[in-house]
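These notes are about the structure you will find just below.
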Amino acid sequence: MKQSRRAATLPVAFFRRPAETVAAELLGKVVVSTAGGELAAGRIVETEAYLGYDDPASHGYLHRRNARNAALFGPPGIWYVYLSYGMHWCSNLVCQRAGLASAVLLRALEPVDGLATMRRRRGSVPDHELCSGPGKLCQALGITRDLDGVAMAGGPVMVLQGEPLAPGSFSATPRIGITKAADWPLRFHLVGSPWTSRKEKGGRFRRSPAP
DNA sequence: GCGCCGATTGGCT
DNA sequence: GCCAATCGGCGCC
């Protein structure tokens, strides 16, 4: 029986590639969570790639492995979830192959389903701030350490095929919130999306300097 | 609208 | 003791 393209879960092979490639291609895909017994879903509009043991910003830099980041060294297609600044959960999808410590951080979503649940979980914030950051989207989707090390396919939080993106609809910019190798252009976002963690700068969104 | 700062946990020096 | 892949509140243009 033929499955609808929209409803198909991404195959593990999708993640068996460099994090940079996966990060770009995750844009437009839909994350569906049933964590906590409630449905919440969003379209991915912003990601960040962490390349592996030779990326100074990766938690697995120089193969540093500990109790917190063990899932990062696991097989492609599993979740790596960690606590940031002692307060916020951040969700990654492991890429390429086990042992490389390569992953993609989900940074922002456009809410598409379960808005009432997201609003309740997030408190009173405007809708464009429900999932506009890695910690915020985890709170909105009910993601916690429970998801760490769990397979994406068939698990409580899955990524589905979205509509194909038009060529040139995304852009690569420097990574956010880190001090090492932050300038590497490994943050990907849908150009012009109002759902990202940062407002668009430059181009038509900013007045040109006086001549 | 922008920038600074504190909250709070865990792993490392 | 220090720092971190963050967030939200507050003060000041």
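Numbers restart at 1 for each chain; the letters A, B, ... are given by sequence-line order, proteins then strands.
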Spacing of A:R65 atom CZ relative to B:dG10 atom C1', expressed in whole Å: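 About 18 Å, once rounded to whole Å.
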Distance, rounded to the nearest Å, where A:L83 contributes CG and C:dA4 contributes C1':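 From A:L83 CG to C:dA4 C1': 11 Å.
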Of A:T21, A:V45, A:I44, the residue whose pairing with A:L26 passes side chain to side chain contact (heavy atoms under 4.5 Å, CB included):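 Going through the options one by one, the only one that passes is A:I44.
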Pairing of A:R175 and A:E48 as salt bridge, 4.0 angstrom limit: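 A:E48 and A:R175: not salt-bridged.
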Annotated protein contacts, base or backbone, on nucleotides 5-12 of chain C with a non-hydrogen cut-off under 4.0 Å, one of B, S, - each: BBSS----
Specify the closest pair of heavy atoms between [X] and [Y], including all atoms of both residues, with the distance to one decimal.
X	Y	value
A:M152	A:L10	CE-O, 3.3 Å
A:Y61	A:D55	CD1-O, 3.3 Å
A:Y80	A:R68	CE1-O, 3.6 Å

Atom C1', compared across C:dG8 and B:dG10: separation rounded to whole Å: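 22 Å, rounded to whole Å.
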Secondary-structure string, 5' to 3', Watson-Crick or G-U under 3.5 Å, | for another-strand partners, for DNA chain B: |||||||.||||.
Sugar-phosphate only, base, or nothing, as touched by A:A67 at under 4.0 Å among non-hydrogen atoms: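 Contact class for A:A67: sugar-phosphate only.
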Greater than 12 external heavy atoms within 6.0 Å of A:R145's CZ: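 More than 12 heavy atoms, drawn from other residues, nucleotides or ligands, come within 6.0 Å of this atom.
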Polar side chain donor-acceptor pair, A:R121 to A:Q139, under 3.5 angstrom: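 No, because no side-chain N or O of A:R121 sits under 3.5 Å from a partner of the opposite role on A:Q139.
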A:E46-A:S197 side chain donor-acceptor pair, cut-off 3.5 Å: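 Yes, A:S197 and A:E46 have a side-chain donor paired with an acceptor closer than 3.5 Å.
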